[in-house]
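Scope of the values below: all heavy atoms of this structure, side chains included, with no hydrogens, waters or symmetry mates.
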Amino acid sequence: MSCLALLLSCAAATAPEPPEAYVRPHHGVPTLIINGKPHPGTSYMTYRPEAKYFRDMGQIGVHLYSFSATPTESTYNLAAPTWIDHQVFDHSSFDARVKLLLDADPEAFFFPRLFLGTPPWWAKTHPDELVRYDPGDGSSVELRIREKLVASWASELWRASSADALRRFIRHVESSDYADHVIGYHLASGTTEEWMQRGSNEDHWCDYSPVNVAMFRQWLTKKYQTDEGLRHAWNNESTSLTTAGVPSREERGSAERDYLRDPVVAQASIDYSQYTSWLVTDTIGYFASVVKEAVGRKRLVGVFYGYVLQLAGATREQISGHHAF
């Protein structure tokens, strides 16, 4: 056996086996199971990882943690960028946070919160893929969150390239010497990490980007099949499946009876609200599938979603995209 083959054989033999984690009924209650054992699920999540707090948690028997990370870019600057340039990735900041945790609590399990953002260099090179909003005058303006441009969830290009970055991140984690401490991945994106449509907390009405208009038309085509079906539903003889657009902020922000919409005159706005919720859950499902495939369905995948009561009210209820639970 060559020296190289011997080294590879030893490395494979000593690589840690990642834990299996899933949620299953236990005594009639959905329960976190780690390596076949029920776990209470009590965990410590922090935006400011510090060894002393990890150590405190471990000493009182809490050995499950979450902290901010990103396989791409963190819009809210909660973790260092990972996707530095087109084919340039840097996972060192994540590794450092893991070391900080495991040095403080060697028994720790963790599930990092991975924000799927838009790297500034990517935004600069793909202007037609970025979210645009209606400021109230019927125009279309690029949306900025924390002064950062963000890609539309309808962008197939952003999805595909971000999925590649996510796979790279997971390969890095799953092949690391701390892989036996990782129980899953918490996917985050959108407003406040919670998969609300971008701008929904700031009263920005999105998304008027070319890619989102195109995706909306595809959704309408699946729903109505023909131009005649769309025209009848929208009560508009001049529209078609190839020309229908996202209703204006004025159209979407009005109501016929308090918070209630009348489909005879407002079906276009109703459709767009339903489409937005479909888009959010479709995007979540897309990236969740990427993770599940990458880990052989042996680790957890989680998201924030379903904020129906919290978002009660005319504006956030319509534009957040949380109605497809």
Side-chain angles (χ1 to χ4, degrees), residues 18 43-55 57 64-105 108-126 129-131 143-151 153 155 158-179 181-195 198 283 287 290-291 294-295 299-304:
S43 61
Y44 173 67
M45 194 282 162
T46 179
Y47 287 120
R48 298 181 63 184
E50 294 188 41
K52 61 181 179 179
Y53 298 126
F54 290 144
R55 193 175 299 112
M57 290 295 106
L64 185 57
Y65 304 86
S66 184
F67 52 84
S68 299
T70 177
T72 55
E73 167 79 17
S74 175
T75 301
Y76 293 97
N77 301 319
L78 298 171
T82 296
W83 195 9
I84 309 302
D85 208 337
H86 180 58
Q87 289 294 329
V88 181
F89 297 85
D90 182 1
H91 302 111
S92 61
S93 177
F94 180 79
D95 292 341
R97 286 193 168 180
V98 174
K99 185 177 186 304
L100 179 72
L101 168 61
L102 296 181
D103 283 350
D105 182 4
F109 287 116
F110 65 93
F111 54 108
R113 185 180 299 179
L114 306 182
F115 193 94
L116 296 162
T118 309
W121 65 266
W122 196 98
K124 185 181 297 185
T125 54
H126 301 94
E129 312 289 320
L130 304 178
V131 174
L143 178 70
R144 290 180 181 270
I145 298 179
R146 300 291 176 91
E147 299 305 314
K148 296 180 180 180
L149 297 167
V150 291
W153 285 330
S155 169
W158 176 80
R159 286 192 185 201
S161 56
S162 297
D164 177 65
L166 179 58
R167 291 187 189 98
R168 288 172 181 265
F169 180 89
I170 291 173
R171 283 199 299 269
H172 173 79
V173 173
E174 298 286 318
S175 62
S176 69
D177 59 2
Y178 52 77
H181 295 271
V182 185
I183 68 164
Y185 301 89
H186 180 174
L187 301 179
S189 193
T191 292
T192 62
E193 306 182 289
E194 295 163 297
W195 290 101
R198 276 76 169 240
T283 308
F287 286 108
V290 169
V291 176
V295 299
R299 240 82 65 226
L300 298 172
V301 179
V303 298
F304 293 126

Hey, could you give me the [atom1]/[atom2] distance between [X] and [Y], rounded to the nearest 0.5 Å?
X      : Y      : atom1 : atom2 : result
Leu166 : Leu114 : CG    : CG    : 6.5 Å
Arg55  : Glu50  : CZ    : CD    : 11.0 Å
Ser176 : Arg171 : OG    : CZ    : 14.0 Å
Thr118 : Arg198 : OG1   : CZ    : 5.5 Å
Tyr76  : Ile145 : OH    : CD1   : 4.5 Å
Ser155 : His126 : OG    : NE2   : 8.0 Å

Side chain to side chain contact (heavy atoms under 4.5 Å, CB included) evaluation trace for Arg48 with Phe67 = CA-CA 8 Å; Arg48 298 181 63 184; Phe67 52 84; over 6 Å; no
In the structure I gave you, are the side-chain heavy atoms of [X] and [Y] within less than 4.5 Å of one another anywhere?
X      : Y      : result
Asp95  : Lys99  : no
Pro71  : Arg168 : no
Leu64  : Ile183 : yes
Tyr185 : Ile170 : yes
Leu116 : Thr70  : no

So, Trp121 side chain and Ile84 main chain: donor-acceptor pair closer than 3.5 Å or not?
->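 Yes.
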Do Asp85 side-chain atoms and Gln87 backbone N/O form a donor-acceptor pair below 3.5 Å?
->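 No; judged by distance alone, with no hydrogens or angles, the pair does not exist.
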Quick one: side chain to side chain contact (heavy atoms under 4.5 Å, CB included) partners of Ala108, sequence neighbours excluded?
->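 So Ala108 forms a side chain to side chain contact (heavy atoms under 4.5 Å, CB included) with Tyr65, Leu101, Leu102, Asp105.
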Are Trp158 and Phe287 near enough that their ring centres are under 6.0 Å apart?
->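 Ring-ring flag for Trp158/Phe287: true, centres closer than 6.0 Å.
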From Phe89, Trp83, Phe94, Phe115, residue fulfilling ring pair (Phe, Tyr, Trp, His ring centres under 6.0 Å) relative to Phe169 |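 That would be Phe94.
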Where [X] and [Y] come nearest, the two heavy atoms and their spacing:
X      : Y      : result
Ala80  : Ser93  : CB-OG, 3.5 Å
Trp195 : Leu187 : NE1-O, 3.0 Å
Lys148 : Asn77  : NZ-OD1, 2.6 Å

Identify, with sequence neighbours excluded, every residue that meets ring-ring contact (aromatic ring centres under 6.0 Å, His included) alongside Phe304.
->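 Counting only residues at least two positions away or on another chain, Phe304 forms a ring-ring contact (aromatic ring centres under 6.0 Å, His included) with His186.
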Pair Arg146, Thr75: side-chain N/O donor-acceptor within cut-off below 3.5 Å |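 Thr75 and Arg146 do not have a side-chain donor-acceptor pair below 3.5 Å.
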With sequence neighbours excluded, tell me which residues meet side-chain hydrogen bond (donor to acceptor under 3.5 Å, both in side chains) with Tyr53.
->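 Per chain and number, Tyr53 pairs via side-chain hydrogen bond (donor to acceptor under 3.5 Å, both in side chains) with no residue.
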Fit a plane to each ring of Phe110 and Tyr178, take the angle between them on a 0 to 90° scale, and name the class: parallel (under 30°), tilted (30 to 60°) or perpendicular (over 60°).
->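 Answer is tilted, since the angle falls between 30° and 60°.
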